[in-house]
Asker: 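Here it is: the structure, laid out below.
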Amino acid sequence: MDDALSLCFTFAMLPHTRVLKEGMIDSCRKLTAEFMHYVIESQSLRNTFISIKGIYYQAEVHGEKITWVVPHERGLPHVTDVDFTVLVTFVEFYIAMLGFVNYKLYQDIGLFYPPQIGQVVEGDEMESEEYKEKVYSLAKPLAKRKDVEQTEDDEPLDLLGEDSDALAQKVKEAKNIKTLFKGCVFYLNRECPKEALTFIIRNGGGVVGWEGAPNDLKADSKNITHHIVDRPMDKLEVNRLYVQPQWVFDCLNARRKLPTERYMPGVALPPHFSPFTSEKAGDYIPFERLEELRSMGKDVSELEAAIPKTMDELPMRRKEVKPEKPKGIHIAVGQMHKKSKEKFHETVEKGQELKMRELMISKKHQRVYHSMKTTFKRNRNDALKLKKKAKLVKATAEA
(Lines give C-alpha, C1' and ligand atoms only; values in the text may rest on other atoms or scores of the structure.)
Protein backbone atom coordinates (compact mmCIF):
# COMPACT_ATOMS: atom_id res chain seq x y z
CA MET A 1 0.00 0.00 0.00
CA ASP A 2 2.86 2.42 0.70
CA ASP A 3 4.26 2.28 -2.83
CA ALA A 4 0.81 2.21 -4.41
CA LEU A 5 -0.37 5.34 -2.62
CA SER A 6 2.88 7.27 -3.13
CA LEU A 7 2.94 6.52 -6.87
CA CYS A 8 -0.75 7.27 -7.39
CA PHE A 9 -0.49 10.56 -5.50
CA THR A 10 2.49 11.50 -7.68
CA PHE A 11 0.70 10.63 -10.94
CA ALA A 12 -2.36 12.60 -9.80
CA MET A 13 -0.17 15.76 -9.87
CA LEU A 14 1.35 15.17 -13.33
CA PRO A 15 0.06 16.79 -16.55
CA HIS A 16 -1.42 14.76 -19.41
CA THR A 17 1.01 13.51 -22.07
CA ARG A 18 1.08 10.92 -24.84
CA VAL A 19 2.15 8.23 -22.35
CA LEU A 20 0.22 9.54 -19.33
CA LYS A 21 -3.34 9.26 -20.53
CA GLU A 22 -6.04 11.52 -19.14
CA GLY A 23 -8.09 8.61 -17.84
CA MET A 24 -5.16 7.23 -15.84
CA ILE A 25 -4.43 10.54 -14.11
CA ASP A 26 -8.12 11.08 -13.36
CA SER A 27 -8.33 7.58 -11.86
CA CYS A 28 -5.33 8.28 -9.63
CA ARG A 29 -6.90 11.53 -8.46
CA LYS A 30 -10.22 9.81 -7.76
CA LEU A 31 -8.76 6.83 -5.87
CA THR A 32 -6.41 8.94 -3.73
CA ALA A 33 -9.26 11.28 -2.77
CA GLU A 34 -11.40 8.26 -1.82
CA PHE A 35 -8.63 6.87 0.38
CA MET A 36 -8.16 10.23 2.12
CA HIS A 37 -11.91 10.36 2.77
CA TYR A 38 -11.71 6.92 4.39
CA VAL A 39 -8.83 8.03 6.64
CA ILE A 40 -10.86 11.10 7.67
CA GLU A 41 -14.05 9.14 8.40
CA SER A 42 -12.19 6.45 10.35
CA GLN A 43 -9.91 9.06 12.00
CA SER A 44 -6.88 6.83 11.50
CA LEU A 45 -4.22 9.45 10.65
CA ARG A 46 -1.39 9.30 13.20
CA ASN A 47 1.69 11.26 12.03
CA THR A 48 2.70 13.80 9.42
CA PHE A 49 5.86 15.62 8.36
CA ILE A 50 6.60 18.40 5.86
CA SER A 51 9.75 17.77 3.82
CA ILE A 52 11.31 19.08 0.62
CA LYS A 53 9.95 16.11 -1.37
CA GLY A 54 6.40 16.56 -0.12
CA ILE A 55 4.20 15.89 2.90
CA TYR A 56 4.56 12.50 4.58
CA TYR A 57 1.51 10.91 6.20
CA GLN A 58 1.14 7.81 8.35
CA ALA A 59 -2.21 6.17 9.04
CA GLU A 60 -3.08 3.06 11.03
CA VAL A 61 -5.59 0.92 9.12
CA HIS A 62 -6.73 -2.33 10.74
CA GLY A 63 -3.66 -2.31 12.98
CA GLU A 64 -1.20 -1.85 10.09
CA LYS A 65 0.80 1.37 9.64
CA ILE A 66 0.69 2.81 6.12
CA THR A 67 3.12 5.60 5.20
CA TRP A 68 2.98 7.57 1.95
CA VAL A 69 4.18 10.91 0.57
CA VAL A 70 2.10 13.51 -1.27
CA PRO A 71 3.95 16.01 -3.53
CA HIS A 72 3.54 19.70 -2.82
CA GLU A 73 0.79 21.51 -4.70
CA ARG A 74 2.57 23.31 -7.51
CA GLY A 75 2.42 23.38 -11.27
CA LEU A 76 4.66 20.77 -12.87
CA PRO A 77 6.05 21.05 -16.40
CA HIS A 78 6.34 18.12 -18.80
CA VAL A 79 8.95 15.75 -17.35
CA THR A 80 11.29 14.54 -20.11
CA ASP A 81 14.12 12.81 -18.19
CA VAL A 82 11.96 9.99 -16.75
CA ASP A 83 10.89 6.87 -18.63
CA PHE A 84 7.21 6.64 -17.71
CA THR A 85 6.54 3.51 -19.76
CA VAL A 86 7.71 1.27 -16.89
CA LEU A 87 5.95 3.31 -14.21
CA VAL A 88 2.69 3.23 -16.15
CA THR A 89 2.67 -0.57 -15.87
CA PHE A 90 2.85 -0.34 -12.08
CA VAL A 91 0.24 2.43 -11.94
CA GLU A 92 -2.25 0.37 -13.96
CA PHE A 93 -1.90 -2.45 -11.44
CA TYR A 94 -2.10 -0.08 -8.46
CA ILE A 95 -5.29 1.54 -9.84
CA ALA A 96 -7.02 -1.84 -9.99
CA MET A 97 -5.73 -2.79 -6.54
CA LEU A 98 -6.75 0.51 -4.86
CA GLY A 99 -10.24 0.22 -6.33
CA PHE A 100 -10.79 -3.10 -4.54
CA VAL A 101 -9.09 -1.89 -1.34
CA ASN A 102 -11.17 1.30 -1.15
CA TYR A 103 -14.39 -0.66 -1.73
CA LYS A 104 -13.57 -3.05 1.15
CA LEU A 105 -12.54 -0.22 3.51
CA TYR A 106 -15.72 1.74 2.77
CA GLN A 107 -17.87 -1.32 3.43
CA ASP A 108 -16.14 -1.93 6.77
CA ILE A 109 -17.21 1.44 8.23
CA GLY A 110 -20.60 1.66 6.52
CA LEU A 111 -19.92 4.19 3.74
CA PHE A 112 -21.38 4.27 0.27
CA TYR A 113 -19.00 3.41 -2.55
CA PRO A 114 -18.42 5.40 -4.71
CA PRO A 115 -18.42 8.09 -1.98
CA GLN A 116 -21.51 10.26 -1.69
CA ILE A 117 -21.61 13.64 0.01
CA GLY A 118 -24.65 14.48 2.11
CA GLN A 119 -27.74 12.95 0.53
CA VAL A 120 -27.73 9.95 -1.82
CA VAL A 121 -27.29 11.12 -5.42
CA GLU A 122 -27.86 9.45 -8.79
CA GLY A 123 -25.14 8.19 -11.10
CA ASP A 124 -25.38 11.04 -13.63
CA GLU A 125 -24.93 13.69 -10.95
CA MET A 126 -21.85 11.90 -9.55
CA GLU A 127 -20.10 12.27 -12.93
CA SER A 128 -20.47 16.07 -12.98
CA GLU A 129 -17.40 18.23 -12.44
CA GLU A 130 -19.06 20.18 -9.64
CA TYR A 131 -19.75 17.03 -7.65
CA LYS A 132 -16.20 15.74 -8.22
CA GLU A 133 -14.75 19.00 -6.89
CA LYS A 134 -16.83 18.60 -3.74
CA VAL A 135 -15.40 15.11 -3.22
CA TYR A 136 -11.82 16.24 -3.94
CA SER A 137 -12.07 19.18 -1.50
CA LEU A 138 -12.42 16.80 1.53
CA ALA A 139 -14.34 19.56 3.36
CA LYS A 140 -17.71 17.79 3.76
CA PRO A 141 -18.43 14.45 5.48
CA LEU A 142 -19.59 11.44 3.48
CA ALA A 143 -23.02 9.86 3.64
CA LYS A 144 -23.29 6.60 5.60
CA ARG A 145 -25.60 3.66 5.14
CA LYS A 146 -28.49 3.44 7.60
CA ASP A 147 -28.31 -0.35 7.87
CA VAL A 148 -24.91 -0.21 9.61
CA GLU A 149 -24.79 0.25 13.37
CA GLN A 150 -22.33 2.86 14.57
CA THR A 151 -20.15 1.45 17.33
CA GLU A 152 -18.42 3.57 19.92
CA ASP A 153 -14.94 2.62 21.12
CA ASP A 154 -15.15 4.31 24.52
CA GLU A 155 -14.14 1.23 26.51
CA PRO A 156 -12.38 1.85 29.81
CA LEU A 157 -8.63 1.46 29.59
CA ASP A 158 -8.56 -0.44 32.90
CA LEU A 159 -9.85 -3.54 31.12
CA LEU A 160 -6.53 -3.91 29.32
CA GLY A 161 -4.75 -4.97 32.50
CA GLU A 162 -1.55 -3.88 34.15
CA ASP A 163 0.65 -5.75 31.68
CA SER A 164 -0.68 -3.80 28.71
CA ASP A 165 0.64 -0.31 29.47
CA ALA A 166 1.92 0.16 25.92
CA LEU A 167 -1.44 -0.84 24.45
CA ALA A 168 -3.27 1.45 26.88
CA GLN A 169 -1.01 4.34 25.89
CA LYS A 170 -1.65 3.62 22.23
CA VAL A 171 -5.42 3.63 22.73
CA LYS A 172 -5.20 6.86 24.72
CA GLU A 173 -3.18 8.56 21.96
CA ALA A 174 -5.70 7.46 19.33
CA LYS A 175 -8.53 8.88 21.44
CA ASN A 176 -6.66 12.19 21.86
CA ILE A 177 -6.18 12.46 18.08
CA LYS A 178 -9.87 11.86 17.39
CA THR A 179 -10.89 14.77 19.65
CA LEU A 180 -7.88 16.99 18.93
CA PHE A 181 -9.80 19.76 17.11
CA LYS A 182 -13.30 18.93 18.34
CA GLY A 183 -15.42 22.08 18.64
CA CYS A 184 -12.99 24.17 16.54
CA VAL A 185 -13.92 25.89 13.28
CA PHE A 186 -11.00 26.70 10.97
CA TYR A 187 -10.94 29.24 8.16
CA LEU A 188 -8.18 28.84 5.56
CA ASN A 189 -6.72 31.78 3.70
CA ARG A 190 -6.26 31.36 -0.03
CA GLU A 191 -2.45 30.99 0.20
CA CYS A 192 -2.64 27.94 2.53
CA PRO A 193 -2.41 24.30 1.34
CA LYS A 194 -6.09 23.44 1.61
CA GLU A 195 -5.98 19.69 0.97
CA ALA A 196 -3.31 18.95 3.59
CA LEU A 197 -4.85 21.17 6.27
CA THR A 198 -8.39 19.90 5.62
CA PHE A 199 -7.13 16.32 5.82
CA ILE A 200 -5.52 16.80 9.24
CA ILE A 201 -8.19 19.07 10.77
CA ARG A 202 -11.14 16.84 9.84
CA ASN A 203 -9.21 13.79 11.04
CA GLY A 204 -9.07 15.49 14.46
CA GLY A 205 -12.79 16.19 14.56
CA GLY A 206 -12.65 19.85 13.49
CA VAL A 207 -14.66 21.80 10.92
CA VAL A 208 -12.82 23.55 8.10
CA GLY A 209 -13.87 25.84 5.30
CA TRP A 210 -12.97 28.76 3.05
CA GLU A 211 -14.70 31.02 0.59
CA GLY A 212 -15.89 28.92 -2.34
CA ALA A 213 -15.66 25.64 -0.41
CA PRO A 214 -18.61 23.18 -0.39
CA ASN A 215 -19.68 24.57 2.99
CA ASP A 216 -18.83 28.16 1.84
CA LEU A 217 -17.49 29.54 5.13
CA LYS A 218 -17.26 33.34 5.10
CA ALA A 219 -14.24 35.16 6.52
CA ASP A 220 -16.42 37.34 8.78
CA SER A 221 -18.32 34.42 10.32
CA LYS A 222 -18.67 34.56 14.10
CA ASN A 223 -18.30 30.76 14.39
CA ILE A 224 -14.62 30.78 13.35
CA THR A 225 -12.27 29.90 16.22
CA HIS A 226 -8.97 29.56 14.29
CA HIS A 227 -7.84 31.53 11.24
CA ILE A 228 -4.92 29.92 9.37
CA VAL A 229 -2.78 32.38 7.40
CA ASP A 230 0.64 32.18 5.76
CA ARG A 231 1.39 35.89 5.37
CA PRO A 232 1.43 38.97 7.63
CA MET A 233 -2.03 40.32 8.49
CA ASP A 234 -2.91 44.00 8.85
CA LYS A 235 -6.35 43.56 10.40
CA LEU A 236 -6.98 40.96 13.12
CA GLU A 237 -10.25 39.90 14.69
CA VAL A 238 -10.37 39.73 18.49
CA ASN A 239 -12.67 36.69 18.80
CA ARG A 240 -10.43 34.19 16.94
CA LEU A 241 -6.89 32.81 17.02
CA TYR A 242 -4.49 33.42 14.11
CA VAL A 243 -1.92 30.70 13.44
CA GLN A 244 0.40 29.59 10.65
CA PRO A 245 -0.16 26.22 8.89
CA GLN A 246 2.69 24.49 10.76
CA TRP A 247 0.66 24.70 13.99
CA VAL A 248 -1.82 22.13 12.65
CA PHE A 249 0.93 19.66 11.70
CA ASP A 250 2.77 20.04 15.02
CA CYS A 251 -0.46 19.60 17.02
CA LEU A 252 -1.12 16.24 15.36
CA ASN A 253 2.39 14.99 16.09
CA ALA A 254 2.23 16.25 19.70
CA ARG A 255 -1.26 14.73 20.27
CA ARG A 256 -2.44 18.02 21.84
CA LYS A 257 -3.21 21.61 20.96
CA LEU A 258 0.04 23.56 21.28
CA PRO A 259 0.23 27.19 22.47
CA THR A 260 -0.44 29.55 19.56
CA GLU A 261 1.97 32.32 20.60
CA ARG A 262 4.91 30.79 18.70
CA TYR A 263 2.82 30.25 15.56
CA MET A 264 1.26 33.69 15.11
CA PRO A 265 1.50 35.42 11.69
CA GLY A 266 4.90 36.99 11.07
CA VAL A 267 6.60 35.14 13.97
CA ALA A 268 9.67 32.96 13.35
CA LEU A 269 8.37 29.41 13.57
CA PRO A 270 9.86 26.77 15.90
CA PRO A 271 11.69 23.78 14.36
CA HIS A 272 9.48 21.19 12.66
CA PHE A 273 10.68 17.75 13.79
CA SER A 274 10.00 14.45 12.07
CA PRO A 275 7.91 11.95 14.08
CA PHE A 276 9.31 9.09 11.98
CA THR A 277 12.81 9.24 13.51
CA SER A 278 13.67 7.68 16.85
CA GLU A 279 16.18 9.46 19.06
CA LYS A 280 19.18 7.39 20.13
CA ALA A 281 21.69 8.01 22.89
CA GLY A 282 24.75 9.80 21.51
CA ASP A 283 22.93 11.59 18.66
CA TYR A 284 22.54 15.34 18.52
CA ILE A 285 19.06 16.21 19.78
CA PRO A 286 18.02 19.89 19.73
CA PHE A 287 16.82 21.50 22.91
CA GLU A 288 13.35 22.08 21.43
CA ARG A 289 13.00 18.37 20.62
CA LEU A 290 13.96 17.41 24.17
CA GLU A 291 11.32 19.80 25.53
CA GLU A 292 8.73 18.29 23.18
CA LEU A 293 9.57 14.74 24.29
CA ARG A 294 9.45 15.84 27.93
CA SER A 295 6.01 17.40 27.41
CA MET A 296 4.80 14.08 25.94
CA GLY A 297 5.74 12.34 29.21
CA LYS A 298 8.91 10.59 28.00
CA ASP A 299 12.08 10.21 30.06
CA VAL A 300 14.91 12.13 28.34
CA SER A 301 17.54 11.95 31.09
CA GLU A 302 19.55 9.27 29.25
CA LEU A 303 19.39 11.21 25.98
CA GLU A 304 20.59 14.41 27.68
CA ALA A 305 23.46 12.64 29.42
CA ALA A 306 24.67 10.99 26.20
CA ILE A 307 24.82 14.19 24.11
CA PRO A 308 28.52 14.80 23.25
CA LYS A 309 30.00 17.96 24.74
CA THR A 310 32.08 20.54 22.88
CA MET A 311 35.44 21.77 24.11
CA ASP A 312 34.00 24.91 25.71
CA GLU A 313 31.51 22.79 27.70
CA LEU A 314 34.16 20.55 29.23
CA PRO A 315 35.41 21.51 32.71
CA MET A 316 38.57 23.60 32.51
CA ARG A 317 41.63 22.44 34.37
CA ARG A 318 42.99 24.87 36.86
CA LYS A 319 46.60 25.75 36.43
CA GLU A 320 48.60 24.87 39.47
CA VAL A 321 50.70 27.69 40.85
CA LYS A 322 54.08 26.26 41.73
CA PRO A 323 55.76 27.91 44.70
CA GLU A 324 59.09 29.53 44.01
CA LYS A 325 62.07 27.48 45.09
CA PRO A 326 64.19 29.24 47.69
CA LYS A 327 67.76 29.91 46.68
CA GLY A 328 70.57 27.98 48.23
CA ILE A 329 70.50 24.73 50.14
CA HIS A 330 67.08 23.78 51.54
CA ILE A 331 65.19 20.75 52.80
CA ALA A 332 61.75 19.83 51.32
CA VAL A 333 59.17 17.41 52.67
CA GLY A 334 58.64 14.34 50.48
CA GLN A 335 55.44 14.17 48.41
CA MET A 336 53.34 11.25 47.29
CA HIS A 337 52.14 10.68 43.69
CA LYS A 338 49.34 13.01 42.66
CA LYS A 339 45.89 11.65 41.93
CA SER A 340 46.08 12.94 38.39
CA LYS A 341 49.11 10.74 37.72
CA GLU A 342 47.33 7.77 39.23
CA LYS A 343 44.34 8.43 36.95
CA PHE A 344 46.71 8.73 34.03
CA HIS A 345 48.22 5.34 34.77
CA GLU A 346 44.73 3.84 35.14
CA THR A 347 43.74 5.26 31.75
CA VAL A 348 46.88 3.83 30.14
CA GLU A 349 46.19 0.43 31.66
CA LYS A 350 42.58 0.49 30.43
CA GLY A 351 43.77 1.46 26.94
CA GLN A 352 46.27 -1.39 26.88
CA GLU A 353 43.60 -3.81 28.10
CA LEU A 354 41.23 -2.62 25.35
CA LYS A 355 43.93 -3.17 22.72
CA MET A 356 44.53 -6.70 24.02
CA ARG A 357 40.80 -7.42 23.73
CA GLU A 358 40.78 -6.07 20.18
CA LEU A 359 43.68 -8.37 19.26
CA MET A 360 41.73 -11.34 20.59
CA ILE A 361 38.82 -10.67 18.20
CA SER A 362 38.72 -13.18 15.36
CA LYS A 363 39.48 -11.95 11.85
CA LYS A 364 35.92 -12.79 10.87
CA HIS A 365 34.54 -10.15 13.26
CA GLN A 366 37.38 -7.58 13.15
CA ARG A 367 35.98 -5.85 10.08
CA VAL A 368 32.55 -5.53 11.69
CA TYR A 369 34.10 -4.18 14.89
CA HIS A 370 36.17 -1.53 13.09
CA SER A 371 33.14 -0.55 11.02
CA MET A 372 31.13 -0.04 14.22
CA LYS A 373 33.90 2.10 15.71
CA THR A 374 34.10 4.22 12.56
CA THR A 375 30.34 4.72 12.53
CA PHE A 376 30.35 5.72 16.20
CA LYS A 377 33.11 8.29 15.65
CA ARG A 378 31.38 9.68 12.56
CA ASN A 379 28.07 10.06 14.41
CA ARG A 380 29.81 11.73 17.33
CA ASN A 381 31.62 14.20 15.05
CA ASP A 382 28.37 14.97 13.19
CA ALA A 383 26.60 15.60 16.50
CA LEU A 384 29.36 17.98 17.61
CA LYS A 385 29.22 19.87 14.30
CA LEU A 386 25.44 20.27 14.56
CA LYS A 387 25.75 21.44 18.14
CA LYS A 388 28.35 24.07 17.20
CA LYS A 389 26.22 25.19 14.26
CA ALA A 390 23.15 25.56 16.50
CA LYS A 391 25.15 27.67 18.95
CA LEU A 392 26.45 29.88 16.13
CA VAL A 393 22.92 30.40 14.74
CA LYS A 394 21.61 31.23 18.21
CA ALA A 395 24.42 33.73 18.83
CA THR A 396 23.82 35.36 15.44
CA ALA A 397 20.07 35.65 16.13
CA GLU A 398 20.67 37.24 19.55
CA ALA A 399 23.13 39.72 18.05
Side-chain angles (χ1 to χ4, degrees), residues 1 35-50 55-68 104-111 138-145 148-186 196-208 225-226 228 241 243 245-260 263 272-279 289 291-300:
M1 281 294 290
F35 182 78
M36 293 179 82
H37 267 295
Y38 166 78
V39 173
I40 291 172
E41 296 296 335
S42 61
Q43 294 182 306
S44 53
L45 186 65
R46 295 294 177 263
N47 294 303
T48 181
F49 177 65
I50 308 170
I55 303 176
Y56 285 85
Y57 297 105
Q58 186 178 74
E60 190 170 352
V61 180
H62 293 291
E64 296 293 333
K65 291 183 178 179
I66 302 174
T67 308
W68 71 97
K104 182 63 171 67
L105 293 176
Y106 273 54
Q107 294 297 314
D108 290 343
I109 60 175
L111 295 174
L138 307 177
K140 295 197 73 174
L142 299 182
K144 294 189 176 182
R145 303 199 313 269
V148 179
E149 296 181 359
Q150 304 298 326
T151 58
E152 297 291 336
D153 53 352
D154 295 335
E155 297 181 1
L157 298 178
D158 299 337
L159 298 178
L160 298 173
E162 297 180 357
D163 299 333
S164 303
D165 293 338
L167 183 58
Q169 182 68 21
K170 191 176 179 181
V171 173
K172 188 176 180 181
E173 284 187 4
K175 192 174 181 180
N176 291 339
I177 291 174
K178 291 180 180 180
T179 58
L180 183 61
F181 301 119
K182 190 175 182 180
C184 300
V185 179
F186 291 81
L197 293 173
T198 305
F199 186 42
I200 298 172
I201 292 169
R202 289 204 54 225
N203 178 82
V207 179
V208 61
T225 59
H226 295 76
I228 302 180
L241 297 172
V243 292
Q246 184 182 322
W247 181 79
V248 178
F249 293 86
D250 290 348
C251 286
L252 176 65
N253 295 333
R255 274 71 169 136
R256 62 188 178 89
K257 280 190 280 192
L258 299 172
T260 59
Y263 297 89
H272 179 59
F273 298 108
S274 172
F276 302 107
T277 58
S278 57
E279 290 75 15
R289 180 59 175 168
E291 290 296 322
E292 183 179 341
L293 292 173
R294 193 178 286 109
S295 65
M296 294 171 66
K298 296 184 179 180
D299 186 14
V300 297

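These numbers were taken from a predicted model, which means no experiment stands behind them.
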Asker: So, do Asn203 and Ile177 sit near enough that their side-chain heavy atoms are less than 4.5 Å apart?
Answerer: yes
Asker: The test is side-chain hydrogen bond (donor to acceptor under 3.5 Å, both in side chains); show your working for Thr67 and Gln58 and say whether it passes.
Answerer: CA-CA 4 Å; Thr67 308; Gln58 186 178 74; 3.1 Å; yes
Asker: What residues form a ring-ring contact (aromatic ring centres under 6.0 Å, His included) with Phe249, not counting sequence neighbours?
Answerer: none
Asker: Does any non-hydrogen side-chain atom of Phe35 lie less than 4.5 Å from one of Leu105?
Answerer: yes
Asker: Under the salt bridge (charged side-chain N to carboxylate O under 4.0 Å, His left out) test, which residues partner Glu41, sequence neighbours left out?
Answerer: Arg202
Asker: Pair Leu138, Ile40 - check side-chain contact (heavy atoms from CB on, under 4.5 Å), show working.
Answerer: CA-CA 9 Å; Leu138 307 177; Ile40 291 172; 4.1 Å; yes
Asker: Quick one: CH2 on Trp68 to CD1 on Ile55, what's the gap to the nearest 0.5 Å?
Answerer: 11.5 Å
Asker: For Phe186, enumerate each residue passing the ring-ring contact (aromatic ring centres under 6.0 Å, His included) test, keeping only those at least two apart in sequence or located in another chain.
Answerer: Phe181, His226
Asker: Nearest 0.5 Å please: distance from the CD atom of Glu64 over to the OG atom of Ser44.
Answerer: 13.0 Å
Asker: List the atom of Ala174, the atom of Arg46, and the distance in Å for their closest heavy-atom pair.
Answerer: CB-NH2, 3.7 Å
Asker: First locate atom CG of Leu252, then atom CG of Leu45, and finally report the distance between them rounded to the nearest 0.5 Å.
Answerer: 5.0 Å
Asker: Take Ile201 and Ile228, measure what side-chain contact (heavy atoms from CB on, under 4.5 Å) needs, and give me the verdict at the end.
Answerer: CA-CA 11 Å; Ile201 292 169; Ile228 302 180; 3.9 Å; yes
Asker: Checking Gln246 now: which residues fulfil side chain to side chain contact (heavy atoms under 4.5 Å, CB included) with it, not counting sequence neighbours?
Answerer: Asp250, Tyr263, Leu269, Pro270, His272
Asker: Residues in salt bridge (charged side-chain N to carboxylate O under 4.0 Å, His left out) with Lys257, at least two apart?
Answerer: none
Asker: Can you see which heavy atom on Tyr57 is nearest to which on Phe199, and at what distance?
Answerer: CE2-CD2, 3.6 Å
Asker: Partners of Thr179 by side chain to side chain contact (heavy atoms under 4.5 Å, CB included), sequence neighbours excluded?
Answerer: Lys182
Asker: Taking it one step at a time, do Leu241 and Thr225 satisfy side-chain contact (heavy atoms from CB on, under 4.5 Å)?
Answerer: CA-CA 6 Å; Leu241 297 172; Thr225 59; over 6 Å; no
Asker: Would Arg255 and Leu180 count as a side-chain contact (heavy atoms from CB on, under 4.5 Å) if you check the C-alpha gap in whole Å, the side-chain angles of each, and the deciding distance to 0.1 Å?
Answerer: CA-CA 7 Å; Arg255 274 71 169 136; Leu180 183 61; 6.0 Å; no
Asker: If you take all heavy atoms of Pro275 and Asn253, which pair is closest and at what distance?
Answerer: CG-OD1, 3.6 Å
Asker: Checking side chain to side chain contact (heavy atoms under 4.5 Å, CB included) against Tyr38, which of Asp108, Leu142, Ile109 comes through?
Answerer: Ile109
